[in-house]
4 protein chains.
Amino acid sequence: MKPRRADRRTRREEILAAAIRVFARRGYAASRIDDIAQEAGVAKGSVYLYFDSREQLLHVAAEAFTARSAAVLAEAAAGRGGARERLERLVRGVVAMLTAEPDLARVLLDLWAASRWGPQSPLDLAATYREYRAAIAALLEEATAQGCPGAVDAHAHATVLVGAIEGCVLQWLIDPEVDPAALVDPLVRLLLPEPAPTTRPDPSR
Amino acid sequence: MKPRRADRRTRREEILAAAIRVFARRGYAASRIDDIAQEAGVAKGSVYLYFDSREQLLHVAAEAFTARSAAVLAEAAAGRGGARERLERLVRGVVAMLTAEPDLARVLLDLWAASRWGPQSPLDLAATYREYRAAIAALLEEATAQGCPGAVDAHAHATVLVGAIEGCVLQWLIDPEVDPAALVDPLVRLLLPEPAPTTRPDPSR
Amino acid sequence: MKPRRADRRTRREEILAAAIRVFARRGYAASRIDDIAQEAGVAKGSVYLYFDSREQLLHVAAEAFTARSAAVLAEAAAGRGGARERLERLVRGVVAMLTAEPDLARVLLDLWAASRWGPQSPLDLAATYREYRAAIAALLEEATAQGCPGAVDAHAHATVLVGAIEGCVLQWLIDPEVDPAALVDPLVRLLLPEPAPTTRPDPSR
Amino acid sequence: MKPRRADRRTRREEILAAAIRVFARRGYAASRIDDIAQEAGVAKGSVYLYFDSREQLLHVAAEAFTARSAAVLAEAAAGRGGARERLERLVRGVVAMLTAEPDLARVLLDLWAASRWGPQSPLDLAATYREYRAAIAALLEEATAQGCPGAVDAHAHATVLVGAIEGCVLQWLIDPEVDPAALVDPLVRLLLPEPAPTTRPDPSR
DNA sequence: TATGAATGAGTGTTCATTCAT
DNA sequence: AATGAATGAACACTCATTCAT
C-alpha cells in the first residue's frame, strides 16, 4: 500500500513536470492534453486520473511556482545577517530559483496572461506580488533603520525592485540571449541600498 | 455611395479597438470573434471584411503597440536636452503611453505569452526589446560621458531599467492597485544616473 | 424603353455566360457568386438583379444546354434524307454542338452530379435523355424499315448510341487530350446501321 | 482491450461505407459530416478518428472504385481465352462490378465533377481512363490479329467502347429505369468485333 | 439600375473530457 | 490503475443573400 501511494505521487509529479515542459514550449493555450500525455509517456485518459482538468494543471504549476517563491522569501527573510544582506540573498535567490527551472519560469508568461481570468485565475498572482512587495518593503525599511541610506519611499522602492527582477526575467523569457545570471550584480548594485558604512569595520585600520 | 456608417478605415479601427478591449478583458485565448463583433456592434462576418483572421487582430494590435513605443523612443532620443534628461523623458513617456491606453497595455500580457508561437509570433518582441535596450544603453553611455557617474555596465544597466519599467507595468496589469504613475519618480531616482555634478552648482562651496 | 429591355437581356446573358465559364473552370460547387460577378465585370449584388440565386444560374445553364440539344435533335429528325442519314447528322450535330461550346459542355459534369438533387434538380435530365433515346430509337427503327440491317433491339441500340456519345464527351471533359471530333467517324461506323444496300448502287457490278 | 464494437479497420470501413451511401444519395457537395456520422451511427467527431477530412473520404472512395476497376481489368486481361473472349469478359465484368455496388457507382458522378479540382482531384481519373483505353485497344488489336475483322482504328474503337460503357452507366445513374444489365448484350454485339470466322463453322457451307 | 458593405446561418474541424474495456 | 476510442460542445471562418445608399 505504501509503495502504491508513493507511485501515485510520483506519477502525478511526472505528469505535472511534463505539463510544465509542454506549457513552457508551446504556451498553455496551445498545449493539448495529448501533447502532455505523450510527453509524460502515458495515455491521454491517464492524465485525468491525476488531475481534474487541463486548467488544474496550470493551477498546480502555479502553486509550484509560488511555493518556490515563498521558500526563497522565507529563507531570505528568516535568515541571518543584516537587512541589506538578506535583501541581496533574496534577489539572488529569486533569480537562481527561476534560472534553475527555466520551464517553470516560462509558465510565468501564461500565469501573467491568465491573471485576467478573474476569480478562477490559476493563482491569485496579485496577492503573491503584494506579499512579495510587502516583505521587501519591510526589509528595505529595516535596512534604512540599520543605516543604509534610503532615497525613496520603501514601498515604491520595493515595487521597483520587484519590477526590475520580474522585468529582467521577462526579457530573458522572451529573448534567451538575455542572461539573467549576469544581471543579478547590476540589479543589486543599482537597486539595493548601499551597505551601511558601519556594518563592517574598516579593515584598513 | 455614402458609407452606411463610416468609411472603411474608420470601421476597421472601430473593430480593432473593440478587439483590443476584448483581448484586454478576457485575454486573447478566451476572446471569441463573436465577442469582438458584439463589442464593435457588428455582425460576426463583418469582422472578416476588415481582418483576415482572429490572429491578425492580435498582430495588428501588436503593431499598434510597437508603433507607439517607437514613437516614444524616437521622441525621447531625438529630443533636445542632455542624455540624462532625454532618458528621463523616455521613462516618463513610456509609462504615460501605457497608462494612457490601458487596454492596449493589457494586451501586452498576450503578446508576451505569444512570444512562444515562434516565427508566426504576432510580433518579434525580442527584437523590439533589443532595440529598446540598445537605445537606452546608448543614452546611458552618453550620460556617463557627459559626467553622470555610471556604476555599472551600460548595457546591463539598460536591461535593468527596461526590466524595471516593464516590471512595474506588469505589476499594475496584474494588480490595478499598483499605480504606475506614482512609480515614475522612484524609477527615475533609483535607476537613472544622478545628474552630472556640473549641472547644479556645488552647494558645498 | 425598348433598348433598356435589350440592355437588360444582354446583361443577363453576359452574366450567364460568365457563370458558365466559372462553372466550367471550377465546378459548380466551388463557384462563388463573387467569382461570377468578377468574371462578368459587375458587382456581386448585381447578379441578383438578373438571377434569383446561384442555383438558378445552374438551372438556366441547364436550360441552355437542353435547348441546344433539342435544336440539334429537331434539326436532325425533321431534316431531309433517309433515317440513317438523319441519324448520322444527329450524331455529328451533337458532338459539334458540344465542342463548339466547351464551357457549356463542361457544365454537364455538374448537371450529371446535380441529378441527385431530386425534384429541385436543375433540370430533369432523366427526361431529356429519355426523349433523346426515344427519338434515336424511332430513327433506328425507321432505318431498319428502310432496309438497314438492325442486329439488336432499337431501344437498347439507342441507349448504347447515346451512351457512346455521352461517354466519348465524358472522356474528353475529363481528359482534354481526347479529341471528340476524331471520334465521330468511329462512332458512326461502329454504331450506326450500315447504309441500306440499295441506297448506293453496288459498285462491284 | 477488446474493442468497443469493432476493430479499427472494420470501423473505418463502416464509416467509409456510410460516406459512400450518403455521397450516393445527396452528392458529395451536399453531404455533411453530420449526415455521414449519423449514417454510420457514430458521433461527428469520430469520423475524424479515421479520416483526416471530408475530402479524404471522397479520395478513399475514389480509390475503392479504381481498385475494383483495376481488378476487373486485370482479371479480364490476364484471363484465359482469346482476345475477343477476354474483351467480352471485361465489358461484362465492369458492368457487373458497377451494378453490384450501385452506391459506389453513383459516387462516380462526383468523381467526374471533381476532375476539375486540378491536382488535388480525388483521383487522377484521366489516367485511369487512359489506362483503361490502352488495355482495351491492346485487346482489340490482338483480336484483329486473331482474325476478328476490325473496321476502325483500335484506339478510337477503344475510346468508343469505354465511352459506351460509361455512357450506359451514366444513363442508369441519372435514370434508374435504365437497366445496365440489359445493355451488356447489346454493347457486346454492337461494339465488340465479331468472333473470328474460324471459331464457328461457316454455316454457308 | 448598380453597388458592395453587412449579415448570420451553416459547417468542417478541434479537443477536453468521459467511459467501456 | 490504465487505456484510447468515442463523444459532442465549441468555434473560426465562409459565403449566399439582402439592402441602404
Side-chain angles (χ1 to χ4, degrees), chain A residues 4 7-8 11-12 29-38 40-57, chain B residues 1-8 11-12 15 29-37 40-57, chain C residues 4 7-8 11 29-38 41-57, chain D residues 1-8 11-12 15 29-37 40-57:
Chain A
R4 267 282 174 221
D7 273 2
R8 182 169 170 81
R11 180 57 67 96
R12 191 180 142 103
S31 296
R32 308 284 144 242
I33 290 284
D34 265 321
D35 303 329
I36 294 166
Q38 184 161 39
V42 301
K44 178 159 56 160
S46 300
V47 173
Y48 287 88
L49 297 173
Y50 298 93
F51 296 92
D52 291 338
S53 68
R54 188 174 79 112
E55 194 177 322
Q56 201 203 11
L57 281 161
Chain B
M1 272 307 132
K2 205 196 296 174
R4 200 193 294 213
R5 215 170 109 187
D7 71 11
R8 190 171 167 78
R11 178 54 66 95
R12 190 180 144 102
I15 293 172
S31 296
R32 308 286 140 240
I33 290 284
D34 264 324
D35 302 331
I36 293 167
V42 300
K44 178 162 55 160
S46 300
V47 173
Y48 289 90
L49 296 176
Y50 298 93
F51 297 92
D52 291 338
S53 66
R54 189 174 77 110
E55 194 177 323
Q56 202 204 8
L57 280 162
Chain C
R4 269 279 173 224
D7 274 1
R8 185 171 166 79
R11 179 60 65 95
S31 295
R32 308 284 145 242
I33 290 284
D34 264 322
D35 303 330
I36 293 166
Q38 183 161 42
V42 300
K44 178 161 52 162
S46 300
V47 173
Y48 287 88
L49 297 174
Y50 298 92
F51 296 92
D52 292 338
S53 67
R54 188 174 78 111
E55 195 177 321
Q56 202 204 10
L57 281 161
Chain D
M1 270 310 131
K2 205 197 297 173
R4 202 196 289 216
R5 216 170 106 190
D7 71 11
R8 191 172 167 76
R11 178 55 65 95
R12 191 180 143 103
I15 292 173
S31 296
R32 308 286 139 241
I33 289 284
D34 265 323
D35 303 330
I36 294 167
V42 301
K44 178 159 57 157
S46 300
V47 173
Y48 289 90
L49 296 175
Y50 298 92
F51 297 92
D52 292 337
S53 65
R54 189 174 76 110
E55 195 177 322
Q56 203 204 7
L57 280 162

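Within every chain, numbering begins at 1; the chains are lettered A, B, ... in the order of the sequence lines, protein sequences first and strands thereafter. Note that the coordinates shown come from a computational prediction; the quantities given were computed from them, not determined experimentally.
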Presence of C/Y50 side-chain N/O under 4.0 Å of E/dT1 phosphate oxygens OP1/OP2: no
Between E/dT17 (C1') and A/L57 (CG): distance, integer Å: 13 Å
side-chain contact (heavy atoms from CB on, under 4.5 Å) partners for C/Y50, two or more places apart: C/R8, C/R11, C/R12, C/I15
d(CG, B/D7; C1', F/dT21) in whole Å: 15 Å
C/D34: salt bridge (charged side-chain N to carboxylate O under 4.0 Å, His left out) partners, not counting sequence neighbours: C/K44
Nearest-Å distance for atom pair CZ/P, residues D/R12 and F/dG4: 19 Å
Mind listing the N/O atom pairs, protein and nucleotides 10-12 of chain F, below 3.5 Å?
from	atom 1	to	atom 2	distance (Å)
F/dC11	OP1	B/R32	NE	3.0
F/dA12	OP1	B/R32	NH1	2.8
F/dA12	OP2	B/I33	N	3.3

Sugar-phosphate only, base, or nothing, as touched by B/V47 at under 4.0 Å among non-hydrogen atoms: nothing
Whole angstrom value for the distance that separates P of F/dC13 from CD of B/Q56: 10 Å
B/G45 vs A/E55, nearer the 5' end of DNA chain E by closest nucleotide: B/G45
Side-chain (B/R32) to main-chain (B/A37) donor-acceptor, under 3.5 angstrom: no
Touch class at under 4.0 angstrom, heavy-atom based, for B/F51 against every strand present: nothing
With sequence neighbours excluded, residues passing side chain to side chain donor-acceptor pair (under 3.5 Å) with A/Q38: none
Residue closer to the 5' end of DNA chain E, D/S46 versus B/S46 (nearest nucleotide): B/S46
Contact under 4.0 Å: C/R11 side-chain N or O vs E/dT1 OP1/OP2: no
Length of the CG-P vector between D/L49 and E/dT13, whole Å: 14 Å
Contiguous pairing runs of three or more, Watson-Crick or G-U under 3.5 Å, that involve DNA chain E: E:2-21 with F:2-21
For A/Q56, all residues meeting side chain to side chain donor-acceptor pair (under 3.5 Å), sequence neighbours excluded: none
Value in whole Å for how far the C1' atom of E/dT13 lies from CD1 of D/I36: 13 Å
